[in-house]
Amino acid sequence: MYLKRLLSRLALTLALCSATLHAQQNVTVAAVDPVDRLAGSTVLGEWATAGNPDGWTGADVTGLTSAGGFFTGSDASATLNASISLGAIASAPDLDFGFNDYLQIRLKLPAAYTGDVRIEYGTSVNPGFAPARQFVLPAASIVKDGAFHTYRLELGLEVFWRDALRDLRITPLLAATGEFQIDYVETGDVAGTAPALNLVTNFKPGLTATNTLRLESKHICVWWDPANAAFTAVHARRVLRMCEESYQTYCRKLGYNEPFRTFDSTTSPRFKLNFLTWYDGYWAGGFNDRAHMNVGTSGLAHEGPGNPVPHEFAHCIQMAQSGRLVGGHWESHANYLRAQRNLHFFATITNAVPALDNLTGNSNYRPDHNRHIYADQRYYLGLDDYGTQFGLPANYAATMWRDGARDQTMIQKLAAALPAGTSVKDVACESCKRWPMLDFVEKTRIRAEHWGTTANRAAHFWRQGAQLIPLQDKPGWWRVPLERAPDRWAYQMHNLTAGAGAAITGEVRALDLPGTGEDWRWCFAAISAGDAVRYSPVYPPGSQNFTLTASETRVFLIVTATPDSTSLDLDSFSNTKPVDKNVDRLRYAYEVRLVNAAPAAHRYVVAN
């Protein structure tokens with residue numbers, strides 16, 4: 001639904017840990033030798049009593065002792081890595097609420113050691129140790145002077161750092177020998193970083209802060225009416241975990257402004273977001289110049305990919321961006337953010353991929369057309385994955401919302417952000433061309449979900465493209481069906497066949513439209529074994545040549561409508577601005593000439 005109408009971006013100038021059997025390493029070194037201990041910490045080992053290992057055991061360790069407040073051991077083998085571990089942790093620190101997203105360790109390593117420190121963990125749901133649940137204190141962050149140093153690690157984006165901490169294992173020296181000493185190990189939070197509780201919120205008549213129940217995480221407070229027997233602390237816990245995961249993804253990973261201050265402020269006090277449960281519907285909005293949201297019991301039955309909580313949290317994020325886009329973009333962008341949370345925490349969320357099905361059947365509709373107002377992720381995925389190729393900052397989908405003028409369309413923002421000499425028309429086609437083959441960084445997961453069966457794969461290409469219609473008076477020429485021609489800043493795909501190694505000539509000829517400023521960009525995409533894709537350059541209307549390799553027999557023609565105007569009418573309907581009769585609602589038709597290629601046969605003939 002459309003919304004009613006700042007802490008600065010988190011300074012992630014922290015060193016990223018190098019990957020250790022992770023598809024991506026999600027732990028950052030937040031500080032070296034901080035002056036304080038963690039707030040609200042659970043001490044996992046401090047060894048204050050001589051001879052008492054505090055439940056820790058060693059493996060392949062020589063001379064493991066607890067004395068003088070230190071846990072000391074030696075790795076005497078260059079092939080067997082000495083490790084210490086603590087199993088079935090009695091205190092079981094809660095990892096869902098953001099209060100234990102830091103691990104702090106003070107240790108001493110040999111001055112000559114140049115490797116990482118490996119840390120592994122198990123949880124109440126995933127006990128024991130596994131390659132997916134490990135990270136490193138990287139060698140680049142370790143002070144190499146043979147003295148004690150304290151390292152603070154931030155784990156909020158670590159995928160399996162959830163539920164309760166059960167097991168911890170530390171391998172101080174990897175493929176090296178020498179003595180190590182550990183002073184203490186603890187989990188907790190950084191003092192002063194949690195927003196304060198906001199007791200002034202949108203209470204339903206009859207409800208107050210004193211006659212309602214609440215549960216808090218580091219950044220969120222869930223409120224509920226005790227008279228609602230259907231709502232339990234289990235529902236509240238789901239909310240908090242989804243919101244904390246969303247916060248980590250949206251703010252720490254992607255770089256959006258935090259949503260804890262009053263609108264458009266960078267200095268007002270930080271308060272936790274209030275999450276209400278007593279109103280109907282799923283929504284986010286403003287109250288006392290601050291964001292808040294509401295989802296009732298019906299929306300809290302699971303934490304799956306379609307849950308409304310990360311979507312509504314995303315709306316609160318949008319409100320905190322000073323360069324936020326015009327309202328017609330808000331719903332699809334909120335779903336895009338939810339998809340990013342799903343993908344980051346993919347291993348813990350069943351089928352956690354973006355919802356693309358509706359969009360792939362309407363690729364020729366303008367961005368955020370009412371038919372796919374929740375599903376349109378065409379530009380966000382392409383710009384986030386490949387935007388740096390065009391001189392855009394990393395995570396440009398966040399920058400687009402966070403910085404610059406507000407209440408513009410995404411095309412207006414994109415055109416203003418590109419370096420001089422880079423055409424927004426070319427970049428639009430570059431972003432759209434990857435959709436027919438779902439050719440994104442996360443393509444393996446996305447394809448597995450949407451091409452899971454032969455029938456699903458065939459349906460994708462049938463619904464994605466348009467069958468070209470032959471021109472009877474121009475042999476070798478075809479035209480796009482008018483009803484499938486792309487709206488402004490949308491695209492259409494045509495499936496072609498050609499012989500292996502064919503030297504294809506393609507020509508896209510523009511048709512004159514009402515008014516002025518019509519334009520197009522187009523390219524070829526050649527497909528080989530394993531769904532590998534090779535693209536031609538992006539071309540303006542005209543004739544171009546493209547030669548297939550010996551392994552390429554399938555090729556797409558992808559055409560994007562790129563008028564001179566960067567405006568988008570996101571509010572009108574066909575009864576107020578009829579399609580093809582109003583300059584804001586034109587479909588950009590074109591004709592195509594092909595040599596050594598032809599439109600592929602479809603399950604339905606043109607006459608049908």
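Of the possible polar contacts, none joining the Asn126 side chain to the Thr123 backbone as a donor-acceptor pair under 3.5 Å is found. Of the possible polar contacts, none joining the Asn362 side chain to the Arg463 backbone as a donor-acceptor pair under 3.5 Å is found. Counting only distance, with no hydrogens or angles, the side chain of Glu449 and the backbone of Arg445 share no donor-acceptor pair below 3.5 Å. Counting only distance, with no hydrogens or angles, the side chain of Lys272 and the backbone of Leu197 share no donor-acceptor pair below 3.5 Å. At distances below 3.5 Å, not a single donor-acceptor pair connects side-chain atoms of Glu120 with backbone N or O atoms of Arg133. Between the side chain of His329 and the backbone N or O of Thr409, no donor-acceptor pair lies under 3.5 Å. A donor-acceptor contact shorter than 3.5 Å links the side chain of Arg324 to the backbone of Gln321.
Arg106 pairs by the side chain to side chain donor-acceptor pair (under 3.5 Å) definition with Asp183, not counting sequence neighbours. In terms of the ring-ring contact (aromatic ring centres under 6.0 Å, His included) criterion, residue partners of Phe203 (sequence neighbours excluded) are, by chain and number, Trp223, Trp278. With sequence neighbours excluded, the residues satisfying side chain to side chain donor-acceptor pair (under 3.5 Å) with Arg341 are Glu245. Partners of Thr201 by side chain to side chain donor-acceptor pair (under 3.5 Å), not counting sequence neighbours, listed by chain and number: Asn274. In this structure, the ring-ring contact (aromatic ring centres under 6.0 Å, His included) partners of Trp161, at least two apart in sequence or on a different chain, are Tyr121. Partners of Tyr379 according to the ring-ring contact (aromatic ring centres under 6.0 Å, His included) rule, which considers only residues two or more places apart in sequence or in another chain, do not exist here.
Looking at Asp531 and Arg457, a side-chain N of the basic residue comes within less than 4.0 Å of a carboxylate O on the acidic one, giving a salt bridge. Using a 4.0 Å cut-off between a side-chain N of Lys or Arg and a carboxylate O of Asp or Glu, Lys433 and Glu430 qualify as a salt bridge. In this structure, Arg366 does not pair ionically with Asp376, as no charged nitrogen and carboxylate oxygen lie closer than 4.0 Å. Taking the charged nitrogens against the carboxylate oxygens, Asp225 and Lys204 have no contact shorter than 4.0 Å, which rules out a salt bridge.
Under the 4.5 Å side-chain criterion, counting only non-hydrogen atoms from C-beta, Trp224 is in contact with Phe231. Counting heavy atoms from C-beta outward, Tyr102 and Asp189 have side chains that approach closer than 4.5 Å. The shortest side-chain heavy-atom distance between Val43 and Arg37 falls under the 4.5 Å cut-off.
Relative to the six-membered ring of Phe129, Arg169 meets both conditions, a distance below 6.0 Å and an angle of at most 45° to the axis. In this structure, Arg434 satisfies the cation-pi test against Tyr386, with its NZ or CZ atom closer than 6.0 Å to the six-membered ring centre and inside 45 degrees of the ring normal.
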